[in-house]
Structure formats: structure tokens, C-alpha cells
Amino acid sequence: EDQVTQSPEALRLQEGESSSLNCSYTVSGLRGLFWYRQDPGKGPEFLFTLYSAGEEKEKERLKATLTKKESFLHITAPKPEDSATYLCAVQDAGNNRKLIWGLGTSLAVNP
Amino acid sequence: ETGVTQTPRHLVMGMTNKKSLKCEQHLGHNAMYWYKQSAKKPLELMFVYSLEERVENNSVPSRFSPECPNSSHLFLHLHTLQPEDSALYLCASSQTGGGYGYTFGSGTRLTVV
């Protein structure tokens, strides 16, 4: 069964304290893995798509990496404005539309 | 306006009411989606419209009725809802294939009393 597991469930960091969020997945064939950021009271905001193991993408203080079993979202020197819930979703190669979503990691960055 | 716009932002309705949620996208995308987001649950796909045709209905109760009059507009008609239907309802759009990421609206926070 297709499954996405994110860890930790919640993470509290001090400003400038780098860390990583994990997204483990089980699908028969990976079409794409997506990272989103969601602020309270808003819809998810698209961050990255990763398609194959070894791929990396960066945006400001965020860097996403992908292996055959998991993806990491590395946050370097975070700022309070990086506080949000980070969602991971995978798309099975056998289904062009349906995304399988994780529960998210709630990140709080203290000044 | 740009992006995906949802109205209303908040809605409180009784179990016997009928209401509609509206979604509009200005991105030229050809697929639109309704999602339900509840606490402690992953995002649940409800309906998918591709090129204005409903291509997926994920066993959603008939008290939820979608409508897609054109590629830019999507509605979710609600009637005889239950308290457990209280949630954040999100609209999203994408280009067919979905590999480019979905663009979400800000959602409608629905409370059924």
C-alpha cells in the first residue's frame, strides 16, 4: 500500500540552528515527490518537486534531497519566518493525478 | 487577481442548510481539485476535474456535489452536512499530469453546527 510518513511530527529550533525534516515513502513506482509549506489558515504553498534518487533542489535556506526510500528537507540557519507546517506528498507512477500525503512536520523557529 | 481564490474564507452552517463553496483559478491550468483537510489526517482528495470533466470521485458522500462550469471555476455544493464534515476545504489547480505541483487556494474553514 502506498504510504508517506513524515518525522518528526513537531520540531522546535532556535534561530540559526540547522536541522532536517524526513519524509519516508512506499510506492510501487515514484513519479514525483513534492514538498509544500503551509502557514496557519492558508493553503499549502508549493516548494519543490523531486523526480529521481540523487536529485537535489534549493530555495533560500531550504534544500530538498531524494533517495529511493526517503526525502530530506534541510533547513540551514532558519529564521522565525520559516515557522510553518511542511508537507510531503508522493505521486505513484501508476496514477497521474493522485498525491499521497504525509501528516506534515510542524516547525517552530524561536528568535 | 492571480493564483487560486476561494470564497468564502469561513462558513458556519446548520445541518439542514444548503451552501456553496467557490474556487477560481487565474493560472490557465486545466485540472482542478477539491481536498478536505482535517486535524491529524493527511489531505483527502475529494474530486478531480480535468478539462471540465469529473475524472475522479473518491467515495465522497452525496451531500457534497461538485460543479465545474469551465476550466477556471469550481464549486462545491453542500447540503444536509454532518458535524464531522467540519474541516478546511481546499481547492487546487494544476496542469494535467500533476508533476509540476499543485497551486492551492487559502481554503474555506467550514463549521457544521
Side-chain angles (χ1 to χ4, degrees), chain A residues 1-10 23-27 29-52 55 57 59 62 64 66 71 73 84-106, chain B residues 2-10 21 23-25 27 29-51 53-59 74 87-111:
Chain A
E1 182 184 344
D2 295 342
Q3 190 169 340
V4 174
T5 303
Q6 291 189 247
S7 61
E9 183 176 327
C23 173
S24 299
Y25 63 90
T26 304
V27 291
L30 181 69
R31 176 176 169 83
L33 184 143
F34 303 82
W35 282 101
Y36 287 82
R37 168 195 171 124
Q38 186 172 23
D39 292 300
K42 293 189 175 182
E45 176 189 349
F46 173 72
L47 293 174
F48 305 109
T49 307
L50 301 168
Y51 295 102
S52 58
E55 189 175 0
K57 289 194 176 172
K59 179 180 179 180
L62 301 176
L66 180 65
S71 175
L73 185 65
T85 295
Y86 290 86
L87 297 170
C88 172
V90 300
Q91 192 170 45
D92 192 305
N95 187 323
N96 279 335
R97 298 181 195 88
K98 188 177 295 186
L99 298 182
I100 302 132
W101 293 85
L103 289 173
T105 293
S106 176
Chain B
T2 59
V4 178
T5 304
Q6 288 188 244
T7 54
R9 291 296 312 275
H10 301 274
L21 310 184
C23 176
E24 187 173 358
Q25 62 101 356
L27 299 167
H29 288 164
N30 58 10
M32 296 186 77
Y33 312 80
W34 280 116
Y35 273 92
K36 177 182 179 181
Q37 188 173 35
S38 306
K40 304 295 184 184
K41 288 186 176 182
L43 280 167
E44 300 174 59
L45 179 64
M46 300 176 71
F47 301 103
V48 180
Y49 276 83
S50 178
L51 299 171
E53 286 190 35
R54 189 193 312 179
V55 295
E56 190 157 344
N57 174 345
N58 266 3
S59 302
L74 186 65
L88 181 67
Y89 288 84
L90 292 162
C91 173
S93 69
S94 75
Q95 277 301 107
T96 305
Y100 308 102
Y102 294 12
T103 303
F104 284 86
S106 293
T108 295
R109 172 65 64 184
L110 173 67
T111 304

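All chains are named by letter (A, B, ...) in the order of the sequence lines, taking the proteins before the strands, and each is independently numbered beginning at 1. Since the structure is predicted, the reported quantities are computational estimates derived from the model, not experimental observations.
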Heavy-atom distances under 4.5 Å only: say whether Y36(A) touches chain B with side chain, backbone, both or neither. side chain
Taking all atoms of both residues into account, what is the closest heavy-atom pair of L90(B) and G43(A), and its distance? CD2-CA, 3.7 Å
Just verifying a value: how many Å separate L99(A) CG and Y35(B) OH, rounded to the nearest 0.5 Å? 4.5 Å
Interface moiety of E9(A) toward chain B, non-hydrogen atoms closer than 4.5 Å: side chain
Using a 6.0 Å cut-off, check whether atom NZ of K41(B) has over 12 heavy atoms from anything other than its own residue. no
Could you check if a side-chain atom of Q38(A) sits within less than 4.5 angstrom of a side-chain atom of L43(B), using non-hydrogen atoms only? no
Heavy-atom distances under 4.5 Å only: say whether Q6(A) touches chain B with side chain, backbone, both or neither. neither
Could you check if a side-chain atom of F34(A) sits within less than 4.5 angstrom of a side-chain atom of Y102(B), using non-hydrogen atoms only? no
Is it the side chain or the backbone of Q37(B) that comes within 4.5 Å of chain A heavy atoms, both, or neither? side chain
